[in-house]
Every structure is written in structure tokens, then in C-alpha cells.
Amino acid sequence: MIKLKAVEPKGDCRLLLRFSDGTAGTCDFAPFIEANTEMTAPLRDPQAFAQYYVELGALAWPNGFDLSAESLHRQLQEAGDLHRDAEAA
């Protein structure tokens, strides 16, 4: 089971995600925010977006929006944006 170990801001709506399997990738969350759903609309505010945290290996925000590490890992892998993370080794 893949878990999220660490998250770092990379500007705008992008976050560098480090996973428990030693991989990492930068994910652009603009598409989630642009979906403008009840859960993602508050993240349009940069201060609200910046309140992300890791909870039980998933990426979460205080408003209850969360994304599993496995789905983020898969999304990055399918996009070709997942790489071995030298810092995670």
C-alpha cells in the first residue's frame, strides 16, 4: 500500500508529492480546483489551498477534501511524471 510521506509547495496549485515507495512527482491541482465542486471551490483561495496536510498517508485539507496516495501515485505514473526520489531512498 502506497502512502504519502511528504508534500512540498512548488508554486501556484502545484505540490511535490513524496511517496513511501521511494518515488516522487509534482502534481498540478488546478484541474481539481477548476472543477469547482463543493469540496474543491474553497481551494481557489491560495491561503486555503496552502493548508494541505498528510493524514493517514493521504493528502487532505481542513474542509474535508482528501485524495488517496494511491490515486495520486497512479495519476502521476500515467502522466509520466512519477520518478525515483533520491531524497526518499
Side-chain angles (χ1 to χ4, degrees):
M1 179 185 220
I2 294 173
K3 293 187 177 187
L4 196 55
K5 290 180 57 175
V7 182
E8 297 174 28
K10 288 297 178 184
D12 296 325
C13 301
R14 298 175 334 131
L15 299 174
L16 173 62
L17 308 175
R18 298 184 190 280
F19 298 96
S20 61
D21 68 346
T23 59
T26 300
C27 187
D28 184 358
F29 289 89
F32 290 101
I33 294 169
E34 290 168 3
N36 205 31
T37 68
E38 183 177 340
M39 297 303 288
T40 62
L43 303 182
R44 295 181 89 166
D45 175 357
Q47 289 181 343
F49 182 80
Q51 293 179 4
Y52 59 83
Y53 58 96
V54 177
E55 181 176 68
L56 301 174
L59 181 62
W61 281 267
N63 72 338
F65 181 61
D66 64 0
L67 297 164
S68 74
E70 291 175 349
S71 66
L72 292 166
H73 189 275
R74 183 174 44 253
Q75 177 184 340
L76 288 167
Q77 189 171 32
E78 289 172 359
D81 294 331
L82 189 66
H83 309 284
R84 288 315 258 161
D85 183 14
E87 291 184 31

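Heavy-atom basis, side chains included; hydrogens, waters and symmetry copies ignored.
Not one N or O on the side chain of Asp12 forms a donor-acceptor pair closer than 3.5 Å with the backbone of Arg14. With hydrogens and angles disregarded, a donor-acceptor distance shorter than 3.5 Å links the side chain of Thr40 to the backbone of Phe32. Judged by distance alone, with hydrogens and angles left aside, the side-chain atoms of Asp81 form no donor-acceptor pair with the main-chain N or O of Cys27 at under 3.5 Å.
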| side-chain contact (heavy atoms from CB on, under 4.5 Å) evaluation trace for Leu67 with Phe29 | CA-CA 11 Å; Leu67 297 164; Phe29 289 89; 3.6 Å; yes
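In this structure, Leu4 and Ala69 approach most closely via the heavy-atom pair N-CB, 3.5 Å. Considering all non-hydrogen atoms of both residues, Tyr53 and Glu55 come closest at CE1-CB, 3.7 Å. Looking at every heavy atom in both residues, Tyr52 comes nearest to Leu15 through CE2-CD2, 3.5 Å. In terms of heavy-atom proximity, Pro42 sits nearest to Asn63 at CG-ND2, 3.7 Å.
Atom NZ in Lys5 sits 13.5 Å away from atom CG in Leu17 (nearest 0.5 Å). In this structure, the separation between OG1 on Thr26 and CG on Leu76 is 8.0 Å, given to the nearest 0.5 Å. In this structure, CD on Gln51 lies 8.0 Å from CG on Asp45, to the nearest 0.5 angstrom. The CG atom of Leu56 sits 12.5 Å away from the OG atom of Ser68 when rounded to the nearest 0.5 Å. Interatomic distance, Arg84 CZ to Asp21 CG, rounded to the nearest 0.5 Å: 6.0 Å. In this structure, Arg44 CZ and Asn36 CG are separated by 5.0 Å, a value rounded to the nearest 0.5 Å.
Criterion: ILVMFWY side-chain heavy atoms under 4.5 Å apart, direct or through other members. Under it, Val7 and Leu16 are not part of a common hydrophobic cluster.
In this structure, His73 and Leu82 have side chains that are in contact, with non-hydrogen atoms separated by less than 4.5 Å. The side-chain heavy atoms of Val54 and Lys3, taken from C-beta on, include no pair separated by under 4.5 Å. For the pair Thr37 and Phe65, the minimum side-chain heavy-atom distance is 4.5 Å or more.
Using a 30° and 60° split on the angle between ring planes, Phe49 and Trp61 fall in the tilted class, from 30° to 60°.
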